[in-house]
Asks: 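Below is the structure I would like to discuss, written out as structure tokens.
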Amino acid sequence: MSAPTLSPSKATRPRNGHAGPNRPNSAREEFLRTLRRNISAHGFLIGAVLCFSFFSWYPMVREFILAFQKTENGKTTWAGWSNLSYVVNDPAFWQAWRNTLLFSALALVFGFAIPFVVAVVLNEFRHGQGYLRLLVYLPVMLPPVASVLLFKYFYDPGYGLFNRILEIFHLPAQQWLQDTDTAMLSVVIAATWMNMGGATLIYLAALQGIPGELYEAAELDGAGLLRKVWHVTIPQTRLILSLLLLMQIIATMQVFTEPFLLTNGAGPEGSTTTVVYLIYQYAFNFNNYGSAAALGLVLLVVLAGFSAVYVRLSRNSED
């Protein structure tokens, strides 16, 4: 009996059903496609990392190096702890820290509480909420310099808006920016108006994420507005509140624009001199870059301490 013959197409076909000559080509094409896709992705990523390193990490590393160097007659030498010792022994150092802590405390009283109250009020509106959100956020969209100069006009002791309002109520006019008792408060009011819009919208978004059933249950229990805020709103937004508290502490301790433009930085008898303004003085008025870097390093350590405390408290609350 003669053996069956196979056709050439069946004899040369692999068992897996794929043509032999096409497999290397398809694998090579897939490899090239993957390579092109990865090169594009890593190209964008490397560009972002380089920009972040150049504009963020390099200044930090450079500041750390400058904090331990001094330059005299064009020659740079290592100064050890002398820059830090000079900064700590400067009387303006402690005054700047007192003013900065005072500004942070007042800014938290106004800038932390007022946006939350405004967000709670806006959340109760059922109509025109979009217009009200725009109205609240409008100061954030204005250039900071324009906003500060607007308040400088309001604070003018002769024709300013605030003194005109006091005249209506037959109250004595105030030297808002020229008096040591009101200069820092005036700066805080301007800073709160300029920056409260962003925090208000964040709070409002968190409030709108709270289930309505919780408020309905509270109303059935006879809870009023204040009890609903205390027992429902605040517990449900605790994470956002704590996060914005840390962010506002870090932001307020780096205040510079408002006192610099409103009170020329120092203010009456140095009442508005902040840490960042003192850094500015060291660097650009006294040409003492080593002391400026040393003070910046101290500020970095303090803010890092606040961040570490926040992270620790957050972990404890989660546990």
Side-chain angles (χ1 to χ4, degrees), residues 49-108 144-145 148 177 180-181 183-184 187-188 191 245-313:
V49 170
L50 289 177
C51 290
F52 183 80
S53 301
F54 182 76
F55 292 105
S56 296
W57 287 104
Y58 173 73
M60 294 175 62
V61 174
R62 183 59 178 162
E63 178 190 4
F64 183 82
I65 296 174
L66 281 175
F68 299 97
Q69 289 181 339
K70 64 179 180 179
T71 302
E72 294 179 354
N73 299 324
K75 184 179 180 181
T76 301
T77 58
W78 290 102
W81 299 97
S82 62
N83 290 327
L84 183 61
S85 177
Y86 172 80
V87 167
V88 173
N89 292 321
D90 186 359
F93 173 82
W94 301 106
Q95 184 184 27
W97 274 107
R98 285 194 300 268
N99 293 335
T100 301
L101 293 176
L102 176 61
F103 177 86
S104 298
L106 293 175
L108 289 177
V145 175
V148 173
L177 300 176
T180 56
D181 295 330
M184 183 60 75
V187 173
V188 171
L245 176 63
L246 173 67
M247 294 177 63
Q248 290 191 11
I249 290 175
I250 294 176
T252 54
M253 294 190 70
Q254 299 180 73
V255 61
F256 174 78
T257 303
E258 292 85 352
F260 182 76
L261 294 176
L262 286 174
T263 62
N264 296 325
E269 300 180 11
S271 58
T272 60
T273 299
T274 61
V275 174
V276 177
Y277 178 71
L278 188 58
I279 294 174
Y280 170 84
Q281 280 191 314
Y282 282 144
F284 300 105
N285 292 344
F286 307 147
N287 292 324
N288 191 344
Y289 296 102
S291 298
L295 183 53
L297 191 60
V298 172
L299 180 61
L300 174 64
V301 172
V302 172
L303 296 181
F306 278 112
S307 301
V309 170
Y310 167 76
V311 172
R312 183 64 180 270
L313 293 177

Asks: What are the two closest non-hydrogen atoms of T252 and F103, and how far apart are they?
Replies: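 Minimum heavy-atom separation between T252 and F103: O-CD2, 3.5 Å.
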Asks: What residues form a ring-ring contact (aromatic ring centres under 6.0 Å, His included) with Y86, not counting sequence neighbours?
Replies: none
Asks: Only distances under 3.5 Å count here; give the side-chain donor-acceptor pairs of residues 265-281 to other protein atoms, sequence neighbours excluded, each with its distance to 0.1 Å.
Replies:
| from | atom 1 | to | atom 2 | distance (Å) |
| --- | --- | --- | --- | --- |
| S271 | OG | P268 | O | 2.9 |
| T272 | OG1 | T263 | OG1 | 2.7 |
| T272 | OG1 | G265 | O | 3.2 |
| T272 | OG1 | A266 | O | 2.9 |
| T272 | OG1 | G267 | N | 3.2 |
| T273 | OG1 | A266 | O | 3.4 |
| T274 | OG1 | V255 | O | 3.2 |
| T274 | OG1 | Y277 | N | 3.4 |
| Y277 | OH | N264 | O | 3.4 |

Asks: As a test of understanding, state which of N288, N83, D90 forms a side-chain hydrogen bond (donor to acceptor under 3.5 Å, both in side chains) with Y282.
Replies: D90
Asks: With side chain to side chain donor-acceptor pair (under 3.5 Å) as the rule and sequence neighbours excluded, what pairs involving residues 49-60 come up?
Replies: none
Asks: According to side-chain contact (heavy atoms from CB on, under 4.5 Å), who are the partners of L106, at least two apart in sequence or on a separate chain?
Replies: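 Listed in chain order: L102, M184, V188.
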Asks: With sequence neighbours left out, write down each residue that passes side-chain hydrogen bond (donor to acceptor under 3.5 Å, both in side chains) with N285, or none if nothing qualifies.
Replies: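 Here no residue qualifies.
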Asks: Surrounding CZ of F256 (heavy atoms of other residues, nucleotides or ligands, distance under 6.0 Å), is the total greater than 12?
Replies: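 Counting neighbours around CZ of F256, more than 12 heavy atoms of other residues, nucleotides or ligands fall under 6.0 Å, so yes.
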Asks: Considering all heavy atoms of both residues, which atom of M253 and which atom of L299 are nearest to each other, and what is their separation?
Replies: O-CD1, 4.0 Å
Asks: For N89, what residues pass the side-chain hydrogen bond (donor to acceptor under 3.5 Å, both in side chains) criterion, not counting sequence neighbours?
Replies: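 Listed in chain order: S85.
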Asks: For S307, check side-chain contact (heavy atoms from CB on, under 4.5 Å) against everything at least two apart and list the hits.
Replies: L246, I250
Asks: Mark yes when over 12 heavy atoms from residues, nucleotides or ligands other than F54 sit less than 6.0 Å from its CZ; otherwise mark no.
Replies: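 Result for CZ/F54: open.
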Asks: Rounded to the nearest 0.5 Å, what separation is found between the CZ atom of F64 and the CD atom of Q69?
Replies: 11.0 Å
Asks: Compare all side-chain heavy atoms of L297 with those of F68 and state whether any distance is below 4.5 angstrom.
Replies: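 Answer yes - side chains close enough.
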Asks: Mind checking side-chain contact (heavy atoms from CB on, under 4.5 Å) for L261 and listing every partner two or more places apart, or none if nothing turns up?
Replies: V145, V148, T257
Asks: Report the residues that fulfil side-chain hydrogen bond (donor to acceptor under 3.5 Å, both in side chains) with T100, sequence neighbours left out, ordered by chain and then residue number.
Replies: none
Asks: Applying ring-ring contact (aromatic ring centres under 6.0 Å, His included), name anything that partners W94, two or more places apart in sequence or on another chain.
Replies: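 For W94, no residue satisfies ring-ring contact (aromatic ring centres under 6.0 Å, His included) once neighbours in sequence are set aside.
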